[in-house]
Amino acid sequence: MDKIDISNIDKKWQSFWSEKKNKFKNTDKNKKFYCLEMFPYPSGKIHMGHVRNYAIGDVVARYKMMNGFNVLHPMGWDSFGLPAENAARENNLNPKEWTKKNISAMKHQLKLLGLSVDWDREISTCDEEYYKHQQELFIDFYNKGLVVRKETYVNWDPIEKSVLANEQVIDGRGWRSNAIVERKKLYQWFFNISKFSEELLEDLDTLKEWPERVKLMQKNWIGKSVGCEINFKLSGVEKFIKVFTTRPDTIFGATFLAVSVDHPICENYKKLPKFLDFKKKCSQVGTTEEAIANAEKIGFKTDLEVEHPFIKDKTIPIYVSNFILMDYGTGAIFGCPAHDQRDFEFATKYNLEIKPVVKPKDANLINLKNEAYTGDGTIINSEFLNGLKVPDAKEKIVKEIAKKNIGKKKITFRLKDWGVSRQRYWGCPIPMIYLKNGEVVPVDKSELPVKLPENIDVNSKGNPLDTHPTWKKTKYKKTGEEAIRETDTLDTFVDSSWYFIRFCSPKNKSKAFDEDSFKYWMPVDQYIGGIEHAILHLLYSRFFMRAIKYCNKRISIKEPFKGLFTQGMVCHETYQDEKGKWISPDQVENTQIGMKSKIDGSKIKVGPSEAMSKSKKNIVDPESMIKIYGADAVRWFILSDSPPERDVQWSTAGVSASHKFIQRIWALNQKTLNRNQNKNDDEKKFSLKFNEYVFKITDLIEKFQLNVAIAKIYEITSLFENNLEKKISNEKFINYQTQFLKMLLPFAPHLSCECLSKLEGKNFYSNMQWPKGSKSLLDKQEVTLVVQINGKKRALINAKKDLSEKDVLIEAKKIDNIKKNLKDKRIIKNIFVKNKIINFIIAK
RNA sequence: GCCCUCGUGGUGAAAUGGUAGACACAAAGGACUUAAAAUCCUUGCCCGUAUGGGAGUGACAGUUCGAGUCUGUCCGAGGGCACCA
């Protein structure tokens, strides 16, 4: 028997599909399906995470094609970003050349997977043709007021004189200079995403095909909180400080006020050395939420006090503190240490009064020695609020505050405007210019794109666009006066916030997208990508869709992604030598006495399985795996071993087993062609079973349970193997096998098509149609009923479907083991569930 | 710190509240072979030759005729936190 020649068959079908452009005969223009996987960053080599992402997407795309849909399945490159600049610095390469080279290498590798991707629609975000339209969109947004300029903080490296990304800050220091990173204020461009806060939150409910946990993460990210603004009057003067709180019910427990270092009242102290010291300390904490939350809470006591609005003659001190953020709420809070953990820690540190105002149901629980009490309860020590429950007290105090005219109910969102300015070279230039009179205006659209200069000095300190000798000098088209270009580039998240729209009309030169193509293809029916994008990328894309709708009356869609699937990561065991150096899997072999180094035979320590990463060297290269085992085996393994939404562990044994299975199908196909049978006595039983599998696999693919679908394919293979000798005519057998191979096709397309063409006696095969099961055959299927006594399994009954309780009882009582167990026992009742169980409840 | 997810054999896992461990990996034993590879078969907690019985899904409670699945508390692992993409 011949073995399958994997590499020839891979090549043969890949070139066949590329000529046919993956269009199958039965597509219906009225049924569209837009299947999209998150496009890759062109790092130069595909990794197993890509293989998994695109293997899942390809199953969906091919399955939909086979069901008659007109499928859009494009691919492109998220090709701006920091790594190109780093590579440029390290290897003295031009970022553009580096990126181009990487794209062509990765495209070659992706093609080896045999994906049903339409390469005619390929786009790359660093192409002028792409970012030109992005600049247009930016200007459209600007003209509609969706772009604003304001000050915000960045991580500043004082030695490199440049802004650092969070990942470039390690333990509070710059990754290259090792300088202590400072928080520095810069003017930056923002997208006014917070304008849509309410909408972005509410519309989550319309996303029925999104995972609940992603929606929950977005909900928390947007962070709507209902609270109250209160003006506290400064002692002695007619000035007020506005605070925001979600716990106005605890106002009688307020013992201090805390404001952000950036609060306007701090202006008073900007010359005071003690305050400047304090401010410097604050600025050395990173800009991430995590860093701020974990930083030790410190405070600066001002000489100011406010009057308590409800307690006569009580004054409250004002502190400046690092745990208050200027861009959330009003940048000021009242501290109620008894009922807020952060306030508690602060008060303990500075010896401030801790006054309980909420009594828990179980009064013994109150213990304010170690932590605040943040739970529910009854209000105490609070005059007119005493005795009320927390929610009722909130309502009452808000009314009182409004009555006194010192504040009002207020809804605040955690979601901040999206800062899109980056002080970097390898990104889309922001199409704005600065005039001499201080005005900032957009570049005239006729002058787009604002191109990146190619001759840059990547090793210069600071932003290469800013230090470039001529690039930023320009003229304002309207007046001809000299002007200076914006030297910041756009966050690369902007590039990926609309690429899915560009795919609808990727070649359109005059505008970002053609409205008719947009209307036909959008929204994306199935979007597939990593869970790590659950918040930002998806939220930004949702914002972009709304912003585009806001600017273009012909667009009515708000949500870009109808269905979302988030896949897990690809993991591998980690290996270390005796010195603790990380060792890559291909330098390790498994011997009878444990893991050994292939190079010097030394002992290797096996660590836990973790997401594949360069730093731990636990990477397996897809291309070499494809070379050894073939594209189908690699795709098959990565889909078979775990549910797609969970992490999967790569194993060489696993992919080699997948390869064996490919051989097994190939062998079965040859046995089928060589068998000789024309009787049909055994066909009925076989067809009943097979028919059941058609329904099961269809359902499992629809539900994304691809690993289970694959388990069923293993079972079907055994079913065919076990029936080779049975009395089923060749014609029938080949007919079933054709249907079977079509169900295999989305998972292992090269193998499936090769087997199909062999069954037909042709060289190629392209008439694809997903098999349709028969509902009436399904009803003839036998079922297994469980016989229980007091909920414990005691026997099984094989029976026709839909047997009545009476008949099942008769059958059950015939079984020896049941007779034995029911002897001399009193049956209290039976529980019967059709086609499932009969449970005898007996007296003990 | 805040938020989210996940805990089932040696391993990856399966199971509309109804047979726990399908399917696969690894292991052990066997068949075929001069031998190996390949392939195929069997086994897999405890008691029992076996029919059978018992324990068992991170821990402890609860709801139910019946809980891996639902509820609560706890323990453990992983992920996200706005300039990585």
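All chains are named by letter (A, B, ...) in the order of the sequence lines, taking the proteins before the strands, and each is independently numbered beginning at 1.
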- Message: Using a 4.0 Å heavy-atom cut-off, does A/Thr784 contact any base of the nucleic acid, only the sugar-phosphate backbone, or nothing at all?
- Response: base
- Task: Classify the nucleic acid contact of A/Asp647 as base, sugar-phosphate or nothing, counting any heavy atom under 4.0 Å across all strands shown.
- Result: sugar-phosphate
- Does B/C84 have a Watson-Crick or wobble mate here (both distances under 3.5 Å), and if so which one? none
- Message: What's A/Gly654 touching, base or sugar-phosphate or nothing? Going by heavy atoms closer than 4.0 Å.
- Response: nothing
- Query: So what does A/Ser651 touch, heavy atoms closer than 4.0 Å: a base, only the sugar-phosphate, or nothing?
  - Reply: nothing
- With sugar-phosphate meaning primed atoms plus P, OP1 and OP2, does A/Asn817 contact a base, only sugar-phosphate, or nothing at under 4.0 Å between heavy atoms? sugar-phosphate
- What nucleic acid atoms does A/Val708 come within less than 4.0 Å of, heavy atoms only: base, sugar-phosphate, or nothing? sugar-phosphate
- Message: Between A/Ser79 and A/Thr99, do the side chains contain a donor N or O and an acceptor N or O under 3.5 Å apart?
- Response: no
- Kindly say if A/Asn707 contacts the phosphate of B/A14, meaning a side-chain N or O under 4.0 Å from OP1 or OP2. yes
- For A/Asn155 and for A/Ile841, locate the closest nucleotide of RNA chain B by heavy-atom distance; then report the residue assigned to the nucleotide nearer the 5' terminus. A/Ile841
- Task: Mind telling me whether A/Phe191 and A/Trp418 have parallel, tilted or perpendicular rings, with 30° and 60° as the class edges?
- Result: perpendicular
- Using a 4.0 Å heavy-atom cut-off across all strands, classify A/Leu82 as base, sugar-phosphate, or nothing. sugar-phosphate
- Message: So, OP1 or OP2 of B/C83: does either fall under 4.0 Å of a side-chain N or O from A/Arg422?
- Response: yes
- Message: OP1 or OP2 of B/U39 versus the side-chain N and O atoms of A/Gln663: is any pair under 4.0 Å?
- Response: no
- Query: Relative to A/Trp221, does A/Arg414 satisfy both conditions: NZ or CZ under 6.0 angstrom from the six-membered ring centre, and within 45 degrees of the ring's axis?
  - Reply: yes
- Opposite nucleotide pairing with B/C70, Watson-Crick or G-U, both atom distances under 3.5 Å: B/G62
- Message: What's A/Val214 touching, base or sugar-phosphate or nothing? Going by heavy atoms closer than 4.0 Å.
- Response: nothing
- Item | Nucleotide opposite B/C32 in a Watson-Crick or G-U pair, distances under 3.5 Å | none
- Task: With heavy atoms under 4.0 Å as the rule, sort A/Gln649 into base, sugar-phosphate or nothing.
- Result: sugar-phosphate
- Ignoring hydrogens and angles, state whether a donor on the side chain of A/Gln423 or A/Asp488 is under 3.5 Å from an acceptor on the partner side chain. yes
- With a 4.0 Å cut-off on heavy atoms, is A/Leu796 in touch with a base, just the backbone sugar-phosphate, or nothing at all? base
- Message: Please confirm whether the shortest side-chain N or O distance from A/Lys215 to OP1 or OP2 of B/C3 is below 4.0 Å.
- Response: no
- Checking all strands, does A/Ser421 fall into the base, sugar-phosphate, or nothing category for heavy-atom contacts under 4.0 angstrom? base
- Note on the structure: Answer for the Watson-Crick or wobble partner of B/G44, both distances under 3.5 Å, is none
- Query: So what does A/Ser640 touch, heavy atoms closer than 4.0 Å: a base, only the sugar-phosphate, or nothing?
  - Reply: nothing
- May I have the step-by-step check of salt bridge (Lys or Arg N to Asp or Glu O under 4.0 Å) for A/Lys195 and A/Asp417, ending in yes or no? CA-CA 8 Å; A/Lys195 180 186 173 79; A/Asp417 277 340; over 6 Å; no
- Message: Can you tell me the base-pairing partner of B/C25? Count Watson-Crick or G-U wobble geometry only, both distances below 3.5 Å, and say none if there is no partner.
- Response: B/G10
- Could you tell me whether A/Tyr131 and A/Phe80 have their ring centroids closer than 6.0 angstrom? yes
- Task: Return the nucleotide paired to B/U5: Watson-Crick means purine N1 to pyrimidine N3 with N6-O4 or O6-N4, wobble means G-U with N1-O2 and O6-N3, both under 3.5 Å.
- Result: B/A77
- Quick one: label A/Lys712 by what it contacts on the DNA or RNA (base, sugar-phosphate, nothing), any heavy atom closer than 4.0 Å. nothing
